[in-house]
Every structure is written in structure tokens, then in C-alpha cells.
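This report concerns only the one structure given below.
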Number of protein chains: 2
Amino acid sequence: MAAPPKKTARKSPKSSVPFLLSQMGAHVSATFGDRIAPLGLKPYHAGVLSVLGSKAGITQQALAGLLGVFPSRLVGLLDDLARLNFIERRASPGNRRSYALHLTKAGHETWARVGEVAAEMQDDLCAALNDKEREVLADLLTRIVAQQQITPGIHPAYRRMGGMCGE
Amino acid sequence: MAAPPKKTARKSPKSSVPFLLSQMGAHVSATFGDRIAPLGLKPYHAGVLSVLGSKAGITQQALAGLLGVFPSRLVGLLDDLARLNFIERRASPGNRRSYALHLTKAGHETWARVGEVAAEMQDDLCAALNDKEREVLADLLTRIVAQQQITPGIHPAYRRMGGMCGE
DNA sequence: TATTGTTATACTCTATAACTATA
DNA sequence: TATAGTTATAGAGTATAACAATA
């Protein structure tokens with residue numbers, strides 16, 4: 001529990017890494033939201049598409065557990081995506097209580113489009129950096145994410161206070 | 001408007017810089033909120049303390065303009081800070097409509113404490129990086145913030161849709 | 001009785017407009 | 001008439017509990 005003696009040299013608060021990260025995170029999230037709005041999506045929809053893209057057939061309970069939100073919160077969110085024909089709730093074989101969640105063809109295409117948006121954003125965002133610096137930045141951030149116990153590929157905003165009790 | 005031809009090599013979406021920044025930003029904001037909660041503050045309170053620390057005597061209108069929020073939103077926020085005795089609304093000399101906002105002694109102390117929290121967070125956050133890497137990270141982020149036209153020291157979350165019309 | 005998904009309720013946050021008191 | 005600050009209202013988002021169907 002004792003804080004390690006080693007301290008980063010104190011800089012102006014405006015250039016502190018936490019503040020810069022918080023600034024950039026808010027900026028990126030807002031910009032991302034603006035850019036996927038024409039697809040009918042909000043950022044949390046995109047996160048669900050992302051998970052379903054790699055975990056086809058997952059149930060709503062399992063998805064809720066993975067994201068760290070209450071299952072009830074997922075209902076409206078999946079309703080939105082179903083209304084847009086991006087996901088399907090298929091009957092689970094052998095258990096009529098649960099659904100197996102799948103991306104539709106349109107869902108896969110939209111998920112790919114979201115990936116393109118992210119790639120465009122990366123170019124805009126890193127306009128001030130050269131290729132080598134972009135790599136360094138991605139590497140440093142990836143190492144921090146790993147060390148901070150953040151689940152790779154899952155956005156921490158889902159978790160905020162949510163999730164079921166057992167955790 | 002034509003996008004520059006130069007593109008960053010396409011990586012997995014989970015390691016894209018925008019996604020990593022959004023993840024880290026949410027993580028940092030949440031952690032910061034947890035750590036200043038014992039002071040009776042939310043992150044947006046801290047942002048106001050920060051501005052008042054360097055712009056003593058500013059009016060509410062001016063502060064609202066600086067942060068990019070509606071003046072009405074500031075009212076409750078400043079009420080909170082006044083209730084905690086961290087700020088004072090002093091009479092403006094020569095204009096009985098407006099107040100001059102000032103940090104109290106307790107407000108200055110709390111603002112310093114918030115700075116300490118940020119410094120502690122920087123150490124925790126950068127535990128996976130050595131001193132040189134921390135400097136590099138701060139430098140890269142600072143350059144992106146500058147290039148993206150984000151006002152240094154002002155958190156973009158205030159701006160979201162807020163502000164007065166003329167902008 | 002336990003579990004899956006859903007609905008219902010209440011609470012926070014905050015954009016916006018209307019208001020008051022000065023100017 | 002215009003401006004500084006305030007109050008009021010309404011709508012979005014979401015945590016939590018209660019519920020219905022199935023196991």
C-alpha cells in the first residue's frame with residue numbers, strides 16, 4: 001500500500017498525463033459519436049456490434065456480463081440495433097428462455113464501416129505525429145491499458161456502477 | 001478537404017489509437033471522480049476550481065463562455081462550491097448585476113489537493129512506463145491536443161452542445 | 001426454486017426557455 | 001432595450017426492482 005518513492009517530475013496540471021488523457025478521451029468519444037451518428041448509431045451501439053462481431057451467438061446475459069452492465073439496460077440497446085436490422089435475436093436451441101445474438105449481413109457491413117470511421121479518425125487525430133510516433137503512442141497506451149487491468153476491446157464506460165452484484 | 005493520402009498501417013480495432021484514448025479517458029475520468037469524491041467534488045467542480053485559480057474575479061458569464069456551457073448550468077455548480085466554502089461570489093464594483101468569482105482560502109487549499117490527486121494518479125497510471133517514456137507520452141498527447149484545437153486546460157466535456165449560440 | 005429476458009419506476013443530469021433585477 | 005444571474009420545465013439516460021415465462 002505504501003506509495004513507491006519514485007515520482008514523475010511535477011509539471012503544470014495542464015500538461016499532466018491524466019488530464020491530457022481525459023481531455024483526449026472526451027474529444028475522441030464526442031467526435032466518434034458525431035461520425036457514426038449518420039449510421040443511426042451511438043458509441044455504445046458500436047461497442048455491442050464489436051463484441052457480437054467476435055462472439056456470435058452469445059446470450060444477452062453473457063453479453064451483459066462481458067460489458068459489465070445490467071441485462072435490463074441491454075434490452076433497449078438491442079432493440080435499437082434490431083430495429084436497424086443490424087442484429088437478430090435467434091431462438092436458442094434447447095432453451096426457450098434465452099436468445100442467441102447474431103449480426104445480420106447489414107450488421108457486419110455497418111461494423112466494417114465503423115472500423116473505417118475509426119481508421120479515419122486515427123489519421124485525423126495523429127496528424128501532428130509521424131508514423132514512428134504513432135506506433136510509439138499506440139504502444140505506450142496499450143501497455144498502460146494492460147497494466148491498469150482494463151479489458152482490451154471493452155470500453156470502461158459500460159462498467160460504471162453497472163454490472164450485476166457478484167464482482 | 002481532400003484527405004491526405006498518407007495512412008497509418010491498419011491495426012486491429014482494439015489497438016487503434018482512438019479506441020485506446022477513449023478507453024483511457026473514461027478510465028481516468030472515473031478514477032479521478034472516485035478520488036476527489038471525499039473532497040465533496042465531482043470532476044466538473046474541479047475544472048471550475050482550476051479556472052478560478054488562474055482567473056480570479058471572473059464573472060459567471062465569462063466563466064460560462066470560457067468553459068462553453070450555458071450560464072444557467074453554472075448556477076448549481078457554483079452553489080455547490082459556495083456551500084463548501086471553496087468560492088465566493090463577491091459584488092462587482094460598479095455593476096450590481098454581476099458577481100466577481102474568487103476562490104476562498106479553503107478553495108485554494110482544495111485546488112492544491114486536487115493537484116496532488118492528479119500527480120498521484122499520474123504515477124499510478126504510468127506505472128508501466130519509465131521516466132523517459134512518461135515524458136514522451138506527455139509530449140505526444142500535448143502535441144495532439146494543440147493540433148486538434150482543444151483549449152489547453154479546459155476539458156472538452158463542458159462544451160458538448162452547451163455554450164451560447166454565437167460560435 | 002433459479003434463471004432469462006422484459007417492463008416499470010425513480011432519479012440524475014442538463015439543454016433550453018422564461019423570468020428578475022439591474023443597466 | 002439589453003445584460004447578469006436565476007428559476008422552471010422537460011427530455012434523455014440509466015440504476016434498480018418487480019415481473020412473466022421457462023427451466
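A note on names: the letters A, B, ... follow the listed sequences, proteins ahead of strands, and every chain is numbered from 1.
- Rounded to an integer number of Å, the gap from CZ of A:Phe70 to C1' of D:dA17 is 10 Å.
- The shortest distance between side-chain heavy atoms of B:Val48 and B:Leu101 does not fall below 4.5 Å.
- Between A:Arg134 and A:Asp139 there is no salt bridge, since no side-chain N of the basic residue sits under 4.0 Å from a carboxylate O of the acidic one.
- For B:Arg96 against C:dT22, a side-chain-to-base donor-acceptor contact under 3.5 Å is absent.
- Per the geometry, CG belonging to A:Leu78 stands 15 Å off C1' belonging to C:dT7, to the nearest Å.
- The CG-C1' distance, from B:Leu67 to C:dT14, rounds to 15 Å in whole Å.
- Checked against D:dA23, C:dG5, C:dT16, the side chain of A:Tyr99 finds its nearest nucleotide in C:dG5.
- The distance from atom CG of A:Asn95 to atom P of D:dA21 is 16 Å, rounded to the nearest whole Å.
- Between the CZ atom of A:Arg159 and the P atom of D:dA15 there is a distance of 13 Å, rounded to whole Å.
- Taking atom NE2 of A:His45 as the reference point, atom P of D:dG13 lies 9 Å away to the nearest angstrom.
- Side-chain proximity of B:Val75 to the nucleotides D:dT16, C:dT6, D:dT7 is greatest for D:dT7.
- Listed candidates were D:dT7, D:dA23, C:dT4. Nearest to the side chain of A:Gln61 is C:dT4.
- For A:Arg89, a side-chain nitrogen or oxygen approaches OP1 or OP2 of C:dT6 to under 4.0 Å.
- Atom CG in A:Leu101 sits about 13 Å away from atom P in C:dT4, given to the nearest Å.
- By the criterion of side-chain heavy atoms lying less than 4.5 angstrom apart, applied directly or through intervening Ile, Leu, Val, Met, Phe, Trp or Tyr residues, B:Leu129 is grouped together with A:Ile150 in one hydrophobic cluster.
- Atom CG of A:Leu77 and atom P of D:dA15 are 11 Å apart (whole Å).
- For D:dG13, the OP1/OP2 oxygens have a side-chain nitrogen or oxygen of A:Lys42 closer than 4.0 Å.
- With respect to B:Arg113 and B:Glu109, no salt bridge is recorded, no charged nitrogen being found less than 4.0 Å from a carboxylate O.
- Note on B:Ser72: a base of the nucleic acid sits closer than 4.0 angstrom, heavy atoms only.
- Residue B:Ser92 is out of contact with every strand shown, counting any heavy-atom pair closer than 4.0 Å.
- Partners of A:Ser22 according to the side-chain hydrogen bond (donor to acceptor under 3.5 Å, both in side chains) rule, which considers only residues two or more places apart in sequence or in another chain, are B:Ser29, B:His155.
- Toward the 5' end of DNA chain D, the nearer of the two residues A:Arg97 and B:Ala62, judged by each one's closest nucleotide, is B:Ala62.
- The A:Arg73 side chain lies nearest to D:dT14 when the options are D:dT14, C:dA17, C:dG5.
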